[in-house]
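Below is one structure, written out as structure tokens, with a few remarks after it.
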Amino acid sequence: MSDIITTIQSAVTQAVEQLYGEKTDPAAVQVNTTPPDFTGDYSVVVFPFVKIAKKSPDAVASEIGAFLHREVAEVAGFNVVKGFVNLEIADTYWQHFLASVAANPTYGRKPRNGQKVMVEYSSPNTNKPLHLGHIRNILLGWSCAQILDAAGYDVVKAQIINDRGVAICKSMLSWKKYGAGKTPENSGIKGDHLVGDFYVLFEQKTKEEYDAWQQSSEASAIFENRGKKEQTEKEFFKDYKNKWFNEHSVLGAEVREMLLKWEAHDPDTVALWKQMNGWVYQGFDRTYSDLGVSFDKLYYESDTYLLGKDIVEDGLSKGVFFKKDDGSVWIDLTDAGYDQKIVLRADGTSVYITQDLGTARMRYHDFGCDRFVYVVADEQNYHFQVLFEILKRLGEPYAAGLHHLSYGLVELPTGRMKTREGTVVDADDLIEELIRIAREQAQERGETEGISPEEKESNLRKIGMGALKFFIIKVHPKKRMIFNPEESVDLQGQTGPYIQYSYVRINGLMQRVEKENIDLSAAVGYEGIQPQERDLLAALHEYPAVLMQAASAYDPSLVANYCYDLAKKFHRFWHDLSVFNADTAAAKAFRLTLSKAVGQVLKSGMQLLGVEMPNRM
RNA sequence: GGCUCCGUAGCUUAAUGGAUAGAGCAUCUGACUACGGAUCAGAAGGUUAGAGGUUCGAGUCCUCUCGGAGUCACCA
């Protein structure tokens, strides 16, 4: 059975050719679902043909409508309003369509297309626990991977772990100085939080040292000699902090020494680094498990931070890069609207972008992917534009398939989250909080009968996580999000639990179907499909197109909003029409089949977002 | 300052260039002696930041203005 929209499009093309003698592209014919308040299921926009026909829009619409009514079996009727042809689709078409959807548990998913794509997401630093920003990143990456999988790609979910550098050395030094042998085991603190606590402690100690230093004669002398005389002492020392840390701080010197030792593979330093990173990974694993996400491939920055040298050689020989007198290597991107960019320091060491160039090539060799999706916050837009441009100029075979899934930062009403100031919404806390809210709401509603404590707990988890995930994914990735911790995430209205509840209703019906062994084949005899039913059918019909659009736009929010729309239509259907108490056996069977199909699609769609459906709630 | 992104109801938001801008929250009104009320219906709330332009048709495309954010490191 071919898609009704494709059928209409090609029929319109035929109509235009026969009536007005001009060939048009069927794919360019606009077919929309008819808005409420008009009769019909689908509408054809005829304005593009008005010039060809040299007639009024309404005349063209009437002619095309009559043609479709005559030639296309599925078109049962039509009407014309202001240059739009509204087509009524025959019940028999919907009957067949529904039967095919209900019989196909993988409806909407595409067969394997033989293409590989790598989605990189999460990419945490190992000096502190995950926060709300990571949650948005992780959920976007995860659902993007699921959607690409549904669209037929073979997906590799990857994570690059930033496990080296100054930040982790701060935590390490802090633990060494003040830790007194504290471990996750002997303190009961989750590993990533423990390490994060020492990072925060280090920042506190640094601040104390800085405050004390400001009283010294050395500091006074530097302040007196400041360039900007109009600066107050407070303003000056705020700006000066980085320079002070690098040139005067005792703690700063110790951290740099530690980093050098790590780079020189000093056994004690490496052992401490391994131990503390191990704690962090244990903690991350629990958070990932709570979020229900996983990875196929882990890359560690400690393995990759020296990569990219060969690419620099390659670029030099191809004339893409050039060398300056001091030996540093650059690329000139001014003709593409970017700047000159350094890719190798004079001392021969890599910079951030060199690493990314190297890892891109390495990943291609590892997996042979045609596409790479980087889920990274939009503050790095410029970096990725430059990175992709360089890879293009180097003639990398995967250059055309690179995509930066850029998303807006999650902020608090007071501004950006800052670890140092303790204004971070911790991922674990937030997860726990939502499950708590779900439990609270469930208690207000009273006990569900005959449900085991295990199932109850599992459901509360599904509901809480469903609320959190849907809340975050329904917003378009590019939009900046402001999260107010004072206002708890809703469980009513446009939410995950709203959609889960529609599924629970359907599940209740299906259980009864099974128990009473109801035969659904009588559905075929149903006549007079109701508007609420047609809305659902049209929505089901749309699902494959929504999936493909979400995949090509790398936009999970499309799937989230689709699921909400479908659930809303189902709730209305449920309210307005009786299923088990329907007038006829045919109506009952039809509505049960329809409910079954809606349940399948809701489950499938929400699964792409990482939201699980409870059977009861 | 250059470049990029964003600006839709009090708040959170939706809308392949198509018809009367669609939802949710909050506010007010209603609806089951149960196919489960985490639901449904109704009211009120909009000059889509502003001004021009392109188009049969603009929240959407172009130009300018205003407001917000990001970025313009030999940091990652």
Side-chain angles (χ1 to χ4, degrees), chain A residues 30-32 34-38 43 45-48 50-51 56-57 81-84 86 123 125 162 164-167 242 301 305 324 326 328-330 337-339 341-347 349-356 377-383 385-386 406 408-409 411 415-416 438 441-442 444-445 448-449 463 467 471 474-476 478-484 487 490-502 504-505 508-509 512 545 549 552-553 557-558 560-561 564-565 567-568 570-582 588 591-592 595 616-617:
Chain A
Q30 293 176 68
V31 180
N32 308 318
T34 304
D37 302 346
F38 295 95
S43 302
V45 183
V46 302
F47 283 107
V50 167
K51 269 190 187 152
S56 75
V81 182
K82 287 163 50 182
F84 293 85
N86 302 323
S123 306
N125 293 316
N162 300 301
R164 62 162 288 280
V166 175
N242 272 334
E301 202 206 353
Y305 81 108
K324 287 195 177 172
D326 64 357
S328 58
V329 181
W330 295 72
Y338 308 119
D339 303 308
K341 192 86 189 168
I342 191 164
V343 295
L344 200 69
R345 296 191 186 100
D347 64 5
T349 56
S350 300
V351 293
Y352 178 44
I353 203 157
T354 325
Q355 242 185 89
D356 272 359
D378 62 7
E379 41 185 5
Q380 294 201 39
N381 282 351
Y382 182 75
H383 170 75
Q385 282 169 12
V386 169
S406 160
L409 290 175
E411 294 184 16
R416 288 175 77 150
Q441 298 255 332
E444 277 177 28
R445 297 201 164 76
T448 311
E449 283 175 33
I463 294 163
F471 176 78
K474 75 174 180 187
V475 180
H476 191 281
K478 252 164 86 171
K479 280 196 115 113
R480 209 159 55 102
M481 267 183 94
I482 295 175
F483 180 83
N484 191 344
E487 298 169 11
D490 282 322
L491 303 188
Q492 277 137 39
Q494 194 177 18
T495 65
Y498 174 95
I499 299 166
Q500 290 171 324
Y501 186 58
S502 64
V504 165
R505 285 179 149 171
L509 294 177
R512 203 166 147 188
Q549 206 193 333
S552 60
S557 72
L558 291 172
N561 286 306
Y564 172 73
D565 182 61
K568 188 174 168 62
F570 182 79
H571 279 307
R572 184 192 290 242
F573 157 84
W574 171 281
H575 180 265
D576 291 353
L577 305 170
S578 290
V579 178
F580 271 101
N581 303 326
K588 178 171 155 184
R591 286 172 192 166
L592 284 168
S595 301
R616 298 198 281 182
M617 57 195 284

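Model, not experiment: these values are computed from the prediction. The sequence lines fix the lettering, A, B, ..., with proteins before strands; numbering per chain opens at 1.
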>> Using a 4.0 Å heavy-atom cut-off, does A:Asp339 contact any base of the nucleic acid, only the sugar-phosphate backbone, or nothing at all?
In response: sugar-phosphate

>> At less than 4.0 Å, is any side-chain N or O atom of A:Arg505 found next to OP1 or OP2 of B:G37? Yes or no.
In response: yes

> Side chain of A:Phe38: nearest nucleotide among B:G18, B:C74, B:U20?
Replying inline: B:U20

>> Quick one, A:Phe471 and A:Met481 - any side-chain contact, counting heavy atoms below 4.5 Å?
In response: yes

>> Using whole Å, what does the distance between atom P of nucleotide B:A38 and atom OH of A:Tyr498 come to?
In response: 13 Å

> Roughly how many Å is it from CZ in A:Arg616 to C1' in B:A38, rounded to a whole number?
Replying inline: 16 Å

>> From the set B:C35, B:A19, B:U71, return the single nucleotide nearest to any side-chain atom of A:Pro35.
In response: B:A19

> Is the phosphate of B:G24, meaning OP1 or OP2, less than 4.0 Å from a side-chain N or O of A:Lys568?
Replying inline: yes

> Is a side-chain donor-acceptor pair under 3.5 Å present for A:Thr495 with A:Asp490?
Replying inline: no

>> Strictly below 4.0 Å: does A:Lys82 bring a side-chain N or O up to OP1 or OP2 of B:U20?
In response: yes

>> In the structure I gave you, are the side-chain heavy atoms of A:Ser595 and A:Phe573 within less than 4.5 Å of one another anywhere?
In response: yes

> To the nearest angstrom, how far is A:Tyr382 atom OH from B:G70 atom C1'?
Replying inline: 14 Å

>> With a 4.0 Å cutoff (strictly under), does any side-chain N or O of A:Arg345 reach OP1 or OP2 of B:C75?
In response: yes

> Within the pair A:Arg480 and B:G70, is there a side-chain N or O less than 4.0 Å away from OP1 or OP2?
Replying inline: no

> Does OP1 or OP2 of B:A38 have a side-chain N or O of A:Tyr501 closer than 4.0 Å?
Replying inline: yes

>> Taking 4.0 Å as the cut-off, does a side-chain nitrogen or oxygen of A:Arg445 come that near to OP1 or OP2 on B:A38?
In response: yes

Which protein N or O atoms sit under 3.5 Å from an N or O of nucleotides 59-62 of chain B?
none

> Would you say A:Lys474's side chain and A:Gln494's backbone share a donor-acceptor pair under 3.5 angstrom?
Replying inline: yes

> Rounded to the Å, how far apart are A:Ile482 CD1 and B:G70 P?
Replying inline: 12 Å

> Considering all heavy atoms of both residues, which atom of A:Pro57 and which atom of A:Val46 are nearest to each other, and what is their separation?
Replying inline: O-CG2, 3.8 Å

>> Measuring only the P atom in each nucleotide, how far is B:C64 from B:C3? A whole number of Å is fine.
In response: 9 Å

> Using a cut-off of less than 4.0 Å, is there contact between a side-chain N or O of A:Lys479 and OP1 or OP2 of B:A69?
Replying inline: no

> When the distance from CD of A:Gln380 to P of B:A73 is rounded to whole Å, what number comes out?
Replying inline: 15 Å

> Partners of A:Lys324 by side chain to side chain contact (heavy atoms under 4.5 Å, CB included), sequence neighbours excluded?
Replying inline: A:Phe322, A:Asp326, A:Ser328, A:Trp330, A:Gln340

> With Watson-Crick and G-U wobble geometry limited to distances under 3.5 Å, how should the secondary structure of RNA chain B be encoded in dot-bracket form, using | for bases paired to another strand and [ ] for crossing pairs?
Replying inline: (((((((..((((....[...)))).(((((.......))))).....(((((..]....))))))))))))....

> Rounded to the nearest Å, what distance is computed from the NZ atom of residue A:Lys474 to the C1' atom of nucleotide B:C25?
Replying inline: 9 Å

